[in-house]
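Reviewing the structure listed below.
Keep in mind that this is a model prediction, so the values were computed, not measured. A, B, ... follow the sequence lines: proteins, then strands. Residue 1 opens every chain.
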Amino acid sequence: MSSKLRPSPLPSTPLSTTIITTAAAASSFNVQHSVANLQRRSTCHIPAHIYNHPSAILLELCTCIKEVHQFIPLIVKNALYNEHLFQTKLVSLFCKFGSLREASRVFDPIPDKVDALYHTMLKAYARNSSLDNAFSFFSRMNIDGVPPIIYNFTYLLKACGDNSDLPKGKQIHAQLIVNGYASNVFAMNCIVNLYAKSRMIHEAYKMFDKMPERDLVCWNTIIAGYSQNGLAKRALHLFIRMQEEGRSPDPVTIVSVLPACADIGSLRIGKSIHGYVVKAGFQSLVNVLTALVDVYSKCGCVGAARLIFDSMQFRTVVSWNSMIDGYTHNGDSKQALQLFQEMLNEGVEPTNVTLMQALHACADLGDLVEGEFIHKLLYKLQLTSDVSVMNSLISMYCKCKRIDIAAEIFENLQGKTLVSWNAMVLGYAQNGRVTEALNLFCKMHLQDIRPDSFTMVSVIPALAELSVLRQAKWIHGLVIRTSFDKNVFVMTALVDMYAKCGAVSTARKLFDMMDERHVTTWNAMIDGYGTHGLGRAAVELFSEMRQGAIKPNDITFLCVISACSHSGLVEEGCKYFTIMKEDYGLEPSMDHYGAMVDLLGRAGQLNEAWDFIQNMPIEPAINVFGAMLGACKIHKNVDLGEKAAHKLFELDPEGGGYHVLLANIYARASMWDKVAKVRSAMEKNGLQKTPGCSLVDLRNEVHSFYSGSTHHPQSEKIYVFLETLMDEIKAAGYVPDSNSIHDVEEDVQEQLLNSHSEKLAIAFGLLNTSPGTTIHIRKNLRVCGDCHNATKYISLVTGREIIVRDMHRFHHFKSGTCSCGDYW
DNA sequence: ATAGGGTTAG
């Protein structure tokens with residue numbers, strides 16, 4: 001015997017006791033079964049005293065690799081090591097417990113190997129090594145003169161299926177035919193499985209269809225294939241057909257078809273399968289119950305899922321994962337994390353899937369602390385090389401606004417997948433880092449990574465944010481070239497983007513062209529009309545929506561109420577607020593209350609707005625008082641403005657903007673001492689007004705202008721031009737609004753006004769584009785009153801159309817008027 | 001010694 005075969009050191013307890021205890025733990029049925037198994041094999045050339053040897057029976061009962069090691073000395077002592085049966089059994093056991101290395105240590109030194117030994121070794125390779133290794137061992141068998149048998153092919157085919165390696169699988173398929181196994185049910189089933197696992201489900205079905213006879217496993221294979229390839233309806237259809245053809249589903253069928261049912265979220269079908277499970281007596285099988293937990297939670301019945309989960313006597317980690325996922329899917333991430341904690345407390349070791357779900361829940365809650373805890377756990381469980389988990393980690397950090405950490409993880413991530421890129425692009429886009437999002441998107445292109453619909457849906461909103469029509473058209477072109485123009489999600493994003501880039505009519509054209517629309521599609525279009533001050537169009541589209549099949553949701557009402565608000569349609573807005581609850585059973589959220597205060601306040605019904613706030617059933621938040629203060633600024637109401645502002649100072653001590661608004665209200669009323677007080681309060685608290693910034697797109701560049709800034713290369717030219725432009729519009733009737741600035745000389749006042757970012761941007765636009773071109777400006781704050789007035793005159797004297805998108809809405813300036821009707 | 005199908009996921 002080779003010294004390499006020396007078994008691991010013996011444990012302190014005598015060998016036989018350990019093994020016997022294990023054997024005793026097994027039921028007597030198992031022992032009998034093993035004996036029967038061994039006797040059945042007596043047709044081969046192994047003498048009875050070998051296969052009836054107690055060691056052979058005991059060896060078969062080993063439950064882990066350690067027990068196998070303990071056994072080897074016993075085999076050696078009984079001079080059984082050279083018996084084929086024991087050699088093969090050892091290889092088989094090492095293979096069963098996943099140690100290819102130890103299987104080889106037995107296999108390699110054996111001088112005269114029987115065929116069975118090769119077969120078992122091939123199985124070890126197919127199950128525990130790379131496909132290449134398995135294939136080269138198969139070649140070696142050929143060289144060593146071992147004729148292939150049917151099992152060899154099925155092992156290899158299964159491995160090809162598991163690796164989705166269709167080309168290698170096809171090689172085996174050819175050899176199968178050559179060796180005369182073309183109609184073997186097992187082999188054919190492996191082929192069906194191979195195609196299904198290689199995402200060629202239609203090919204798989206063709207094979208399935210051609211089979212002369214089909215057993216239960218064939219049905220299960222094709223049903224699982226459809227289910228795993230996202231063709232849930234086909235899977236369910238075949239589930240019915242198999243029963244019509246007289247096959248009774250077994251637990252594997254159930255576990256294959258339930259995910260399909262979960263996929264389409266059909267509670268009705270889920271319940272009927274549950275009924276079948278009970279009738280067939282599968283109701284205590286862990287995997288069946290786990291699949292039921294999944295179905296119920298995916299159909300929105302977390303309560304029912306939890307009842308099943310709680311009733312389970314045994315749970316696998318998958319059961320926990322399904323339940324945790326059930327909570328996150330149903331928007332109860334708190335419960336999800338609680339269950340995750342419970343799982344850890346019970347000592348169940350989480351898997352990659354568990355951690356992905358827990359990270360998802362953290363992202364959902366913005367819970368950075370728990371997220372970082374899981375990040376550490378991930379190191380402990382050595383899951384940092386699992387790309388899927390790392391993707392979830394990136395998403396979690398992005399959602400928790402730690403884009404810096406996310407970017408670092410992304411940079412260092414080995415084997416990035418499309419999902420990794422998508423997570424990062426989305427992360428940038430959702431954190432307002434538009435340029436980074438676009439740069440990463442371009443980098444993907446350079447690295448030849450083809451975007452999918454998720455990438456598009458992440459990057460399009462970034463462009464909407466940028467609001468540059470040229471870029472909007474570019475991505476639209478890309479959408480068409482990459483054939484995403486039939487994807488509802490992508491198209492909805494485009495509708496929203498065009499509206500946000502000032503091109504509402506283009507948005508509507510796309511909207512009309514779509515064959516399928518989601519609620520979000522309608523919402524995007526209604527909101528688009530709203531922000532462009534086209535309240536009537538918004539209301540009309542909303543009525544049209546109410547006639548159709550797509551039900552409005554809470555966001556729809558938010559869009560339509562704010563559309564009414566932008567257009568002064570107070571009565572309509574109030575009506576919608578009422579029917580939201582009465583006709584649609586939707587509870588208004590804080591945003592709806594804010595929109596209502598905005599609706600009333602903007603229209604000058606300040607007392608009504610204030611009463612509305614007092615009568616709110618929930619504690620009003622920042623947005624509500626913010627709307628109130630804004631309305632007070634428009635309608636010059638010092639009294640209510642003060643009340644709203646003081647509430648805001650309490651609720652949001654960091655927000656400098658409210659101080660500025662209040663100061664403006666005081667300035668309008670010439671209450672200069674109060675203005676000074678607010679200013680000094682701001683200074684004391686270190687609060688600053690967000691600097692105004694306007695963007696213009698010119699040819700291939702986006703130019704940004706800050707108020708009073710002289711950093712732009714054309715700065716000098718711009719200021720000179722502005723001076724003459726101001727003279728021109730003054731001649732047309734423009735009067736500078738000096739009311740907001742009081743403590744400087746009149747000419748300085750004008751200078752300050754004239755250096756506002758939007759005026760600089762407009763001047764730059766006029767200077768650098770040919771007559772007649774529409775100018776698009778994007779501003780980070782709201783347009784100031786003086787700029788608004790000046791822009792109207794500029795549109796008149798230059799004959800240009802100027803579209804300004806501010807924080808809240810669009811202003812289309814044309815021939816001396818604005819689409820907002822001075823109502824913003 | 002020896003075959004094929006199955007639950008959770010971004």
Side-chain angles (χ1 to χ4, degrees), chain A residues 37-38 41 44 46 51 56 59-60 83-93 95-96 114-124 126 149-158 161 181 184-194 196-197 215-225 227-228 249-259 262 285-295 297-298 316-326 328-329 351-360 363 386-396 417-420 422-423 426 454:
Chain A
N37 246 345
L38 289 167
R41 290 167 198 141
C44 51
I46 302 167
Y51 64 73
L59 192 55
E60 195 146 296
E83 292 294 338
H84 297 151
L85 181 124
F86 283 90
Q87 294 170 339
T88 317
K89 190 77 214 175
L90 280 174
V91 170
S92 163
L93 283 170
C95 155
K96 183 173 156 191
V114 292
D115 287 3
L117 194 57
Y118 278 97
H119 299 157
T120 311
M121 197 60 207
L122 179 67
K123 182 180 174 182
I149 57 166
I150 180 71
Y151 308 123
N152 302 156
F153 297 113
T154 49
Y155 292 147
L156 290 171
L157 280 172
K158 180 170 161 48
Y181 295 122
N184 176 292
V185 189
F186 287 86
M188 274 314 290
N189 195 48
C190 285
I191 301 288
V192 172
N193 181 52
L194 168 73
K197 290 273 158 52
D215 64 5
L216 182 59
V217 178
C218 297
W219 284 100
N220 289 349
T221 306
I222 196 70
I223 288 172
S227 191
Q228 289 162 355
D250 74 347
V252 176
T253 326
I254 299 301
V255 157
S256 308
V257 80
L258 280 176
L285 297 170
V286 202
N287 51 355
V288 171
L289 287 171
T290 300
L292 280 171
V293 166
D294 181 51
V295 164
S297 59
K298 291 257 169 64
T316 62
V317 71
V318 180
S319 321
W320 287 92
N321 292 350
S322 298
M323 196 61 234
I324 292 172
D325 183 55
T328 14
H329 257 269
T351 63
N352 55 345
V353 177
T354 322
L355 295 188
M356 285 160 74
Q357 287 161 349
L359 284 168
H360 192 93
D386 185 310
V387 184
S388 297
V389 178
M390 295 311 275
N391 292 343
S392 299
L393 193 65
I394 290 171
S395 296
M396 183 278 292
T417 62
L418 181 57
V419 180
S420 324
N422 287 352
L426 183 66
F454 287 87

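- Applying the side chain to side chain contact (heavy atoms under 4.5 Å, CB included) criterion to A/S420, with sequence neighbours excluded, gives A/V387, A/N391, A/F410, A/L413, A/K416, A/T417.
- Nucleic acid contact class of A/N152 (heavy atoms, under 4.0 Å, all strands): none.
- Using a 3.5 Å distance cut-off with no hydrogens or angles, the side chains of A/S319 and A/S322 do not pair a donor with an acceptor.
- For the pair A/Q357 and B/dG10, the criterion of a side-chain N or O lying under 4.0 Å from OP1 or OP2 is not met.
- For the pairing with A/V288, the side chain to side chain contact (heavy atoms under 4.5 Å, CB included) check across A/V252, A/V255, A/V293 returns one residue only, A/V255.
- When heavy atoms are screened at a 4.0 angstrom cut-off, A/I149 is found touching base atoms of the nucleic acid.
- Distances were taken from every side-chain heavy atom of A/D294 (C-beta onward) to each of B/dT8, B/dT2, B/dG10; the shortest belongs to B/dT8.
- Between A/L289 atom CG and B/dT8 atom C1' there is a gap of 15 Å when expressed in whole angstrom units.
- Residue ring and nucleobase are not stacked for A/F186 and B/dG4 under a centre distance beneath 5.5 angstrom and an angle between planes beneath 30°.
- For a distance-only test at 3.5 Å, the side chain of A/D215 qualifies as a donor-acceptor partner of the base of B/dG4.
- Rounding to whole angstrom units, OH of residue A/Y118 and P of B/dT2 are separated by 19 Å.
- If you take CG of A/L359 and P of B/dG10, they are 11 Å apart, rounded to a whole angstrom.
- At whole-Å resolution of the value, CG in A/N193 and P in B/dA3 are 16 Å apart.
- Taking atom NE2 on A/H119 and atom P on B/dT2, their separation rounds to 13 Å, with Å as the unit.
- For A/S297 and A/D325, the side-chain atoms include no donor-acceptor pair closer than 3.5 Å.
- For B/dG10, the base has a donor-acceptor partner in the side chain of A/S388 [N/O atoms by modelled type, under 3.5 angstrom].
- A/I324 places its CD1 atom 13 Å from the P atom of B/dG10, with the value rounded to the nearest Å.
- Put simply, CD1 on A/I254 is 18 Å from C1' on B/dT8, counting in whole angstrom units.
- Atoms OH (A/Y155) and P (B/dA3) sit 5 Å apart, rounded to a whole Å.
- Picking from B/dA1, B/dA3, B/dA9 the nucleotide with the shortest atom distance to the side chain of A/H329 gives B/dA9.
- Side-chain contact annotation: A/N189 with A/T221, donor-acceptor N/O pair under 3.5 Å present.
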